[in-house]
Amino acid sequence: DENDNYGETYGAMHRIRIAGQPPMTKQRETLLHEIFHAIQITFLPQKKWLAEEYIKLFSAALYDTMRHNPGIVATIMAEDT
């Protein structure tokens, strides 16, 4: 359910927590979602933070893109030679 809280970001402690034992796919998507929150907390003043609905949209879209295009992920993560 989209209203369930599967994770939390603790900015001051530099920690992300995934709640409970959701299916692995949900854990991965939640981790990406929480990484977006951590990036905001670290790099943006609070008045510039995105609304939760945008974080949900971007994290779901990026997760889907990464899952369906592993070559893109491999290119981004490749070692420089």
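Not measured: the values here are computed from a predicted model. Here, residue 1 is the first one in the sequence, and each next residue gets the next number.
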- Task: Could you grab the distance from atom CZ of Arg28 to atom CD1 of Ile18, nearest 0.5 Å is fine?
- Result: 12.0 Å
- Message: To the closest 0.5 Å, what do you measure between OH (Tyr6) and CG (Leu31)?
- Response: 15.0 Å
- Would you mind reporting whether His33 and Glu52 have side-chain heavy atoms less than 4.5 Å apart? yes
- Note on the structure: With sequence neighbours left out, the residues meeting side chain to side chain donor-acceptor pair (under 3.5 Å) with Glu34 are Thr9
- With Gln21, which residues qualify under side chain to side chain donor-acceptor pair (under 3.5 Å), at least two apart? none
- Query: Is Leu32 reachable from Leu50 through a run of I, L, V, M, F, W or Y residues, each pair having side-chain heavy atoms under 4.5 Å apart?
  - Reply: yes
- side chain to side chain contact (heavy atoms under 4.5 Å, CB included) with Ile39: which residues, sequence neighbours excluded? Ile35, Phe43
- Query: What pairs with Ala51 under side chain to side chain contact (heavy atoms under 4.5 Å, CB included), at least two apart in sequence or on another chain?
  - Reply: Glu53, Tyr54
- Message: Taking salt bridge (Lys or Arg N to Asp or Glu O under 4.0 Å) as the definition, give me every residue that meets it alongside Arg17, ordered by chain and number, with sequence neighbours left out.
- Response: Glu8
- Task: Report the hydrophobic cluster partners of Tyr10, with the cluster defined as I, L, V, M, F, W, Y residues connected by side-chain heavy atoms closer than 4.5 angstrom, directly or transitively.
- Result: Met13
- Who else is in the cluster with Ile41 when I, L, V, M, F, W and Y are joined by side-chain contacts under 4.5 Å? Leu44, Trp49
Sequence neighbours left out, cut at 3.5 Å: what donor-acceptor pairs do the side chains of residues 60-67 make with other protein atoms?
from  : atom 1 : to    : atom 2 : distance (Å)
Asp64 : OD1    : His68 : ND1    : 3.0
Thr65 : OG1    : Ala61 : O      : 2.8

